[in-house]
Amino acid sequence: MSMTVRRLTRAATAGLVAAAALTAAAHSAEAADTLGSAAAGQGRYFGTAVAANHLGEADYAATLDREFSSVTPENEMKWDATEPSRGTFSFGSADRIVDHAQSQGMDVRGHTLVWHSQLPSWVGSLGASDLRTAMNDHINGLMGHYKGEIHSWDVVNEAFQDGGSGARRSSPFQDKLGNGFIEEAFRTARAADPAAKLCYNDYNTDGVNAKSNAVYDMVKDFKSRGVPIDCVGFQSHFNSNSPVPSDYRQNLQRFADLGVDVQITELDIEGSGSAQAADYTKVVEACLAVSRCTGMTVWGVTDKYSWRSSGTPLLFDGNYSEKPAYDAVLSALGGSGDPGDPDDPGDPGDGTPSCTATYTRTADWSSGYNGQVTITAGGEPISSWTATVTLPAQQSVSALWNGTPTWSGNVMTVRPSWNGTLAAGASTGFGFTVAKNGSDAAPVIGTCTAS
Ligand code: XIL
């Protein structure tokens with residue numbers, strides 16, 4: 001699909017984004033018993049990295065939709081995925097994530113525009129003048145496509161060398177354009193989407209050290225010269241060789257004192273049990289102690305799909321069960337973090353039938369698509385459920401299976417056909433075929449109710 005067409009399509013969904021945000025607000029009025037709602041109670045977001053190819057897995061989507069208020073595409077917005085050859089943009093996988101997030105009222109972090117890694121080889125083969133143009137075209141291409149839809153962009157990622165020197169890392173950008181490439185990228189980004197927060201993102205900068213000092217000096221210089229920068233991202237990939245630094249809070253605070261927001265952008269901590277839980281607590285407490293620490297993102301939903309899966313670094317295990325680290329984070333955020341707490345979704349004993357509804361586009365062709373809504377019972381068994389699907393005005397449903405629809409305008413209310421009875425935590429779902437009639441926008445799924 002050409003970029004121009006998709007741009008129009010994305011802009012046309014703006015009304016749906018607002019509707020989805022209302023759904024999210026309704027969710028957060030419930031008890032602070034999920035990561036997202038507890039963080040919202042602290043004025044923060046709690047996000048996760050998401051991979052488009054897992055969105056069709058019911059447990060993955062249910063955990064994502066229940067717990068998180070922000071998503072970062074794990075790989076789908078990187079240069080190799082979005083501009084594999086010069087001037088040819090492909091947004092399919094990234095759009096799937098953005099559409100999913102918007103249907104759930106979640107924010108989206110953009111990751112990442114200018115980075116030495118996951119960079120197609122054509123970029124490295126350009127001469128300086130072409131490279132500068134290509135860098136700016138790439139920023140404009142992505143930020144234009146998602147204009148108004150991204151709360152923060154990682155404009156430049158990992159531009160400083162690891163180790164003690166505080167020097168810049170070698171990359172096509174650094175080597176051919178010199179130190180000024182970062183400033184140029186930020187200026188281009190500001191013009192491309194003035195509403196997005198512009199972040200510099202890096203790792204091993206979580207504590208005070210030579211590398212974070214070098215980033216600090218750059219941010220200070222940018223602020224003094226009016227180069228646009230709004231936030232600094234601290235990736236926060238921790239393990240026994242790279243533990244949570246004791247001066248983490250102090251480091252976040254010194255950046256905040258320069259007049260930028262700080263965000264924890266790719267948090268994962270290898271380990272297990274109470275030791276891992278205690279490390280997660282330190283990170284959350286550090287962020288909450290810094291008023292300009294606006295949110296945290298863990299680098300994945302489940303250990304099963306972590307880029308460091310052998311280190312089991314995340315909050316949900318491979319079966320999507322809450323780990324001790326989950327309870328520690330929820331409790332540090334002021335939520336009800338007791339294991340088996342009857343208020344926790346999925347924990348038995350609250351006596352109230354409940355359900356969640358999550359949406360996935362399971363097939364897509366030029367004139368239509370198939371949607372699947374997964375219904376998952378909460379901590380109690382249920383005997384029936386009701387879910388609403390609001391379709392974009394042009395679209396029409398030509399078939400529906402495993403559910404019984406009633407219509408009011410473009411709102412479809414779906415009840416079970418044969419599949420109303422669910423054990424606690426069990427899932428079913430219904431599917432439908434939609435004629436696009438010119439609109440590729442995603443439907444908005446309302447709150448699931450159960451009896
Ligand atoms: C990682 C992804 O998690 C992997 O799936 C991929 O193979 C490599 O990149 N710093 C970053 C992230 O900024 O983009 C990286 O993500 C992890 C390190």
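Ligands are counted one by one from 1 in listed order, and the atoms in each one are counted from 1 as well. Computed from heavy atoms alone, side chains included, the values below leave out hydrogens, waters and symmetry copies. All of these numbers come straight from a predicted model, not from anything done at the bench.
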Hey, are Arg254 and Asn213 close enough side-chain-wise for a donor-acceptor pair under 3.5 Å? yes
Has ligand 1 got any nitrogen or oxygen that is less than 3.5 angstrom from a nitrogen or oxygen of Trp307? no
Any chance the rings of Phe89 and His145 have centres within less than 6.0 Å? no
Of all protein heavy atoms, the one nearest atom 8 (C) of ligand 1 is Gln118 OE1, 3.4 Å
If we number the atoms of ligand 1 from 1 as shown, the ones under 4.0 Å from a heavy atom of Gln235 are 10 (N), 11 (C), 13 (O), 18 (C)
Please report the closest heavy-atom contact between Ser212 and Thr205, naming both atoms and the distance. CB-O, 3.5 Å
Identity and separation of the nearest protein heavy atom to atom 3 (O) of ligand 1: Glu74 OE2, 2.4 Å
On the ring face of Tyr203, is Lys211 found with NZ or CZ under 6.0 Å from the centre and within 45° of the axis? yes
Check each heavy atom of Tyr203 against ligand 1 and say whether those closer than 4.0 Å belong to the side chain, the backbone, both or neither. neither
Check the angle between the aromatic planes of Tyr320 and Tyr60 and answer parallel, tilted or perpendicular using the 30° and 60° thresholds. perpendicular
Suppose we measure from atom 5 (O) of ligand 1 to each protein heavy atom; which comes out shortest, and what is that distance? Asn75 ND2, 2.9 Å
Can you name the atoms of ligand 1, numbered from 1 with element, that are less than 4.0 Å from a heavy atom of Trp115? 14 (O)
Between Tyr248 and Phe238, does the ring centre distance come in under 6.0 Å? yes
Which residue and non-hydrogen atom of the protein lie closest to atom 15 (C) of ligand 1, and at what distance in Å? Lys78 NZ, 3.8 Å
Examine Asn157 against ligand 1 and note whether any of their N/O atoms are separated by less than 3.5 Å. yes
Which residue and non-hydrogen atom of the protein lie closest to atom 13 (O) of ligand 1, and at what distance in Å? Glu266 OE2, 2.7 Å
So His111 and Trp115, would you call those rings parallel, tilted or perpendicular, with 30° and 60° as cut-offs? tilted
